[in-house]
2 protein chains.
Amino acid sequence: MTKRITLEGVAQLAGVSRATVSRVINDPTAVKPELRARVEKVIVETGYQPNLAARSLASSRSHLIGLIIPSLVQSLFTDPYFPSLIQGISQACNMHHYILSLFLFHSLEEEGQVYQRALNSGLVDGLIVTASIINNPYLPRLIQQKIPLVQIGRPFENVEQISFVDVDNVSGAYRAAHHLIRLGRKRIAFIGGTLNTTVGIDRYTGYCSALREKGLVVDQSLTIFADFTRADGYAAMQQIIPHHPDAVFVITDTMAVGALQALHEAGLRVPEDISVIGFDDLTQAASSNPPLTTVRQPVRLLGTMAVDMLIDILETGLHPPRHTILPTELIIRASCGTM
Amino acid sequence: MTKRITLEGVAQLAGVSRATVSRVINDPTAVKPELRARVEKVIVETGYQPNLAARSLASSRSHLIGLIIPSLVQSLFTDPYFPSLIQGISQACNMHHYILSLFLFHSLEEEGQVYQRALNSGLVDGLIVTASIINNPYLPRLIQQKIPLVQIGRPFENVEQISFVDVDNVSGAYRAAHHLIRLGRKRIAFIGGTLNTTVGIDRYTGYCSALREKGLVVDQSLTIFADFTRADGYAAMQQIIPHHPDAVFVITDTMAVGALQALHEAGLRVPEDISVIGFDDLTQAASSNPPLTTVRQPVRLLGTMAVDMLIDILETGLHPPRHTILPTELIIRASCGTM
DNA sequence: CTTACTATTGAGAGCGCTCTCAAGAACAGC
DNA sequence: GCTGTTCTTGAGAGCGCTCTCAATAGTAAG
């Protein structure tokens, strides 16, 4: 790699001081127009790019944002949720001229090591953490260290102290269940995620409250909590079928696609025999057979909002913690049938 | 964030010079055991972590690796290929104590800007670039700047000058087609990707050579090139069905799942009426209906190999360019039937 | 014309680390 | 005991930038 030109070099070529060039780059109002023009001309001609390491060192801001996806998220492979989320985050980073560093972990041990190395070294200005199980052992440490941090997904504890963005899972699930009730369904099953996630808890809460509100009981034999995978959705559905549900609300589309497969194999018709509603509305929902009624959540937006929030924290301070809840939307397709 | 301890501070507490502490951290053989022990004790007690910005500036190595996924990759959302790849890359980075920065682009314009800002600023030590269309306009510039770079997927031009890792797409496709021929299939269709990708070209090449070798003609009416999406696989299959294929090799599992759906809807039985083979063997293949025979490619390994290669380049120099081709494996499931 | 400000620029001190170079210690050979 | 060699450590010069502070130029007020 050929030696690059530095601030110093630009300053000499333009016949000004280093400080002036720095001002031209960083402060839009500072330098006088004619001088500014001269400096900018040199910058363009030389293709000068500030060295980010030097800049970080001097200003103690790196313009790097870390995205942490904890080791306990298994569904990374299988669910299009994460790619969408990362897209949103990346796009917002590009827009704000931040750089995204991605931290994935494959074991708790690895997670601990990388936290130590990467985060305590002042490398990143702030972090976005995707929610995992409710007792992520590293989160409290980060909060204690006052590292600027935004969590994606409502935290389970310390809600007031942690900034987060989330979708309104409770009301989304409520609306899904409510829609099934309105369609005249009486035996509405629930295939949930594990209850050690707030997503799992909130969607279950919404489902329950819709049922109770309409005088239906939450039947334990129609309720299963499983992993967020297609295979688990399939297995859960198989377990529920013998109890004759006439509808099922599945907590993610990925799992719902598994459930659909189980229903097909059992010879049940969707929606004639049983209505199905999922949650996410990412790519799979519209192309499943039949197309899946689902609760759409704005995943990409979730990502961009997290970045926006984090940058706001970086610029205006950690306090007070910010909380944003994005709305969901019921997308009605063929899998739930009509009245 | 509370003021962190620096090298200087550690040096004072241990009663040695800055240089010695630096040696303790960076050179395993340098310092005398007793001194080293004293310094390490202080490091542990204080929880000292080197400041990465300072380290980058002084050593002009950042220990950051950039992963570039060009703007023209549409299938990022829909295909589990990229999540798997990123997993592999991330894992290797963690292992080698490198940090991964992710660059996704949503437009060519954005791509240009970020290249400028992030890559010319000396931020990353090297880059991993996933192959996109064959005329990625930015790649030549990177090569010219002699930025250490590994491409994932065979480059179309300058093969000799670019280091890359790839899977053996030609022989994988050859084996898939060959297997269909051995099963007695005569009208073997091909649903390919766009031919402006080397993946698209290579898998088509393998398919053609198997057919030709066995005296079958490559029938244009049985050949369609489409986008790497499920929807395009579905549409392509629909177009081919009227020409009565008795087998189809589909270039990705994602597209194959779309093709399966089209076949179902057309009332064709798989594998009785038509054999189907895909390519990838990521999550979808085993859980499709029927389970998909497919060419397994070691995607995660591809990612880790890319990182290993890049680090080797960083440590031992750009030349000569390295090339690694990983083998593929035909995984036989129900969708192709048996003799 | 003098004084009081304000806008604009330059000088220079770091930011926390690496790395070269030289000094000193330790040891061998004669 | 002296010279030559190697090993270990410290001193100090940067790396390329930001940012404070002082100097100067320019403007307004009296």
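Letters A, B, ... mirror the listed sequences (proteins, then strands); counts begin at 1. All values derive from a computational prediction rather than experimental measurement.
- Distance check: B:His106 NE2 to A:Gln91 CD gives 4.0 Å after rounding to the nearest 0.5 Å.
- A:His323 places a side-chain N or O within donor-acceptor distance of the main-chain N or O of A:Ile162, the cut-off being under 3.5 Å.
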Could you pull out every donor-acceptor pair under 3.5 Å between side chains of residues 96-105 of chain A and any protein atom, sequence neighbours left out?
| from | atom 1 | to | atom 2 | distance (Å) |
| --- | --- | --- | --- | --- |
| A:His96 | NE2 | A:Asp308 | OD1 | 2.9 |
| A:Ser101 | OG | B:Ser101 | OG | 3.0 |

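- Side chain of A:Thr316 to backbone of A:Ile313: no donor-acceptor contact under 3.5 angstrom is found.
- Ranking D:dG16, D:dC19, C:dT20 by closeness to the A:Arg61 side chain, first place goes to D:dC19.
- Between B:Lys32 atom NZ and C:dC27 atom P there is a gap of 8 Å when expressed in whole angstrom units.
- The end-to-end axis angle of the helix from C:dC1-D:dG30 to C:dC30-D:dG1, rounded to 10 degrees and based on five pairs per end, is 40°.
- Distance A:His63 NE2 to D:dT18 P: 10 Å, rounded to the nearest Å.
- Between the base of C:dG16 and the side chain of B:Arg4 there is no donor-acceptor pair shorter than 3.5 Å.
- Applying the salt bridge (charged side-chain N to carboxylate O under 4.0 Å, His left out) criterion to B:Lys41, with sequence neighbours excluded, gives B:Glu45.
- Panel note: side chain B:Thr304, backbone B:Ala92; no donor-acceptor pair is recorded below 3.5 Å.
- The stretch residues 11-20 of chain A touches DNA chain D through A:Arg18, A:Ala19, each having a heavy atom within less than 4.0 Å of the strand.
- Taking only side-chain nitrogens and oxygens, A:Ser22 never comes nearer than 4.0 Å to OP1 or OP2 of D:dC17.
- Rounded to whole Å, the distance from CZ on B:Arg38 to P on D:dT8 is 16 Å.
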Counting only pairs under 3.5 Å, give me each side-chain donor-acceptor contact of residues 27-36 of chain A, with atom names and distances, residues two or more places apart or in other chains.
| from | atom 1 | to | atom 2 | distance (Å) |
| --- | --- | --- | --- | --- |
| A:Asp27 | OD1 | A:Thr29 | N | 3.0 |
| A:Asp27 | OD1 | A:Thr29 | OG1 | 3.0 |
| A:Arg36 | NH1 | A:Val24 | O | 3.4 |
| A:Arg36 | NH1 | A:Glu40 | OE2 | 3.4 |
| A:Arg36 | NH2 | A:Asp27 | O | 2.9 |
| A:Arg36 | NH2 | A:Pro28 | O | 3.4 |

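- Side-chain atoms of A:Thr198 come within 3.5 Å of backbone N or O of A:Arg154 as a donor-acceptor pair.
- Remark: B:Tyr48, B:Pro50, B:Asn51, B:Ala54 in residues 45-54 of chain B come within less than 4.0 Å of DNA chain C through at least one heavy atom.
- One can place CG of A:Leu35 at 18 Å from P of D:dT24, the figure rounded to the nearest angstrom.
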